[in-house]
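What you see is a predicted model, and the numbers here were worked out from it, not measured in a lab. Throughout, a chain's letter reflects where its sequence line sits, starting with A, and its residues are numbered from 1.
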Amino acid sequence: MNILNTLTALELAEKIRLRELTALDVAKHTLEQIASDPCNCFMSPSPESALAAAAAVDTQLESGICPSLLAGVPIAIDDTILMRQERCTAGSRMLDTFVSPFSATVVDKILSAGLVPVGRTNTDELGVSGSGSTCYQGPTLNPRHPETLSGGAAAAIASRLVPLALCCDSIGTPRKFASLSGTVFLKPTYGSVSRFGIVAYVSSAEQIGPAAATLNDAAALFNIIAGHDSKDGTSLPDHTPLTLIPRQDLRGMRVGVLPYWDTLNGMSAGSRSSSTERFDTLNTTINRLCELGADICECDLPQLDLAHLVLRIIAAAEGCTNFSRFDGVKFGHRPQTITSLEDIYVGSRSEGFGLEVKKTILLGSYVLAQQNYEKYYLQALKIRRLIQDQLTHLLQSFDCLLLPASSHKPYHPDRPNANTRLSFEDMRYTAPATLAGFPAAAAPAPVHPQHGANTPGIQLIAGIHGEQKLYDVLSVLSANPAPHL
Amino acid sequence: MNEQTLDSLASFNKLRFSPEERQDILDDFSQLFDALEVLENVDTTQTDPLIQTVPLSNIMREDAVVRMAPRQDILANASEHIQGCFVAPKVLD
């Protein structure tokens, strides 16, 4: 394996900063790897803009200017995040030819920091579904288990094609696929990273976050993209950068364990092995947390089993509204034969959207209809309040909460309907933090890689602006892995 | 959700489906609405809906014109445009 594939993003940046490597050579190497990517991680590589950005960073560094700790490092960008003059499809035929006229704020920030965007990663169509199987250019395979599916960014990092990526977490998909591919994803506090310039789906919940192979890389990227943005009306005014200094141990920290063991009851035989694996992972993590000095306590969240249902309703309602902008007039797919404005609307949307997006639109408009509004949408918003209140109450007693990021059941390329159902069930694990707007991180379980290469990942949730607590716990865990499950 | 409701929603949302898609949607929604019934059992009579997860309100900015993107770049994504405007079929005779 080439040495470039074994370095972390921070190590790579240091070598570029010290001029042991040039950003241009690193970008060329990365683009060559992407061209032979067997997992379909990328929708579209960006060779011209990548090489230009890399050359510009080299020029800055040669003149003694270092834009950031990650200057010169290649980064992939989820295809739901806009970048000026780059094609952005959001995984949908609807946007097959769309070229963005402006950049998302996060893209401006990473360019200012000297990172080098090398391409756009595969995503489920418009972020809907979360099954990894609805992108119109085909699914991404999980490099850990190539017979199963993954998300583009998680697979690109797990394959060591790129050390960093930006992803939009709407319903928890990047956390789930990070967990399934042994990588790190941080969903920041809602409002701490600008959402300006994303293809919107669940506007009240989605956040752009950093994906990486290591926690320190993800944290360093978070420090670059976080902060107030006047272009985003939901952007929080205050931001404290993460301190990237790992603690020695976890003494004085309290971690609550959410009762996901209950979901092991009644498992079918076929799913028992993944459940047992997940059970062992949680047990190992809990033991490790105790050994490292943390106080552990089981805790309860009465509405836990409802979170995925609530998120399904809210996501559909907001998605239905957001997707109404796709009409085939101003941008997007337009059918070949049209005789009326109605033909454009119906033809554009019916040909441009895949089935899961159509279902989301139908469900959204159903739950928002006058006769159903109170029963479904308003009730979902009220239960969302209960979930946030209960999580807030718990996080007054605990620094963070431990839970899985997925059921760890595999998504198979040839089973789209089963994948969709599984994805809905997997939202159980990611929906609480999504609904509450709290930060959550998915990371590899604290097991020595030699013995736990295929171990399911873990997830931690903290309160608003609790990213530092997530970093503190995960950095100690990752530095002190258990020898085996 | 029955076929009549589905037709009504499809018309409202400017969507049409193949027969296979129709059946898939009806089957999927039948299961989903069964699952959603459980939400009715939660007592929310004293609970306000949560719309905004973080404590922000009345976010305003200067009422100033900000150049966002060149007009030609925006128009370039339209299937038809003429004299700086989007083109769509006539809606009035």
Proximal component of [X], with respect to chain A [non-hydrogen, under 4.5 Å]:
X     : result
B:V42 : both
B:V87 : backbone
B:L32 : side chain
B:E62 : neither
B:R16 : both
B:A76 : neither

Side chain / backbone / both / neither for [X] at chain B, heavy atoms under 4.5 Å:
X      : value
A:S204 : both
A:S230 : backbone
A:Y377 : neither
A:L341 : both
A:K330 : both
A:F424 : side chain
A:F326 : neither
A:I338 : side chain
A:F323 : neither

Contact winner vs chain B - [options], heavy-atom pairs under 4.5 Å:
options                        : answer
A:L363, A:I387, A:L435         : A:L363
A:R421, A:H333, A:E342, A:K231 : A:E342
A:I344, A:I383, A:D389         : A:I383

With chain A as the partner, which of [options] has the greatest number of non-hydrogen pairs under 4.5 Å?
options                    : result
B:D73, B:T44, B:I59        : B:T44
B:I51, B:T5, B:D24         : B:D24
B:Q72, B:E80, B:E40, B:Q52 : B:E40

If you measure from the Lys or Arg side-chain nitrogens to the Asp or Glu carboxylate oxygens, is any gap between [X] and [Y] under 4.0 Å?
X      : Y      : result
A:R349 : A:D327 : no
A:R93  : A:E125 : no
B:D7   : B:R22  : yes

Could you please spell out the steps behind the side chain to side chain contact (heavy atoms under 4.5 Å, CB included) verdict for B:T53 and A:F438?
CA-CA 9 Å; B:T53 57; A:F438 291 174; over 6 Å; no
Might you point out which heavy atoms bring A:G332 and B:S79 nearest each other, and give the distance in Å?
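Heavy-atom minimum between the residues: O-OG, 4.2 Å.
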Is there side-chain contact between A:L362 and B:F29, with heavy atoms separated by less than 4.5 Å?
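When only atoms from C-beta onward are counted, B:F29 and A:L362 do touch, with a gap below 4.5 Å.
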Apply side chain to side chain donor-acceptor pair (under 3.5 Å) to residues A:D343 and A:T337 and explain how you reach the verdict.
CA-CA 8 Å; A:D343 285 347; A:T337 310; over 6 Å; no
May I ask you to decide if [Y]'s main-chain N or O and [X]'s side chain share a donor-acceptor pair within less than 3.5 Å?
X      : Y      : value
A:D232 : A:R195 : yes
A:T89  : A:D96  : no
A:N372 : A:Y366 : yes

Please assess B:D28 against A:K359 for the test salt bridge (charged side-chain N to carboxylate O under 4.0 Å, His left out), listing each intermediate value before the final yes or no.
CA-CA 9 Å; B:D28 193 22; A:K359 283 183 191 172; 3.2 Å; yes
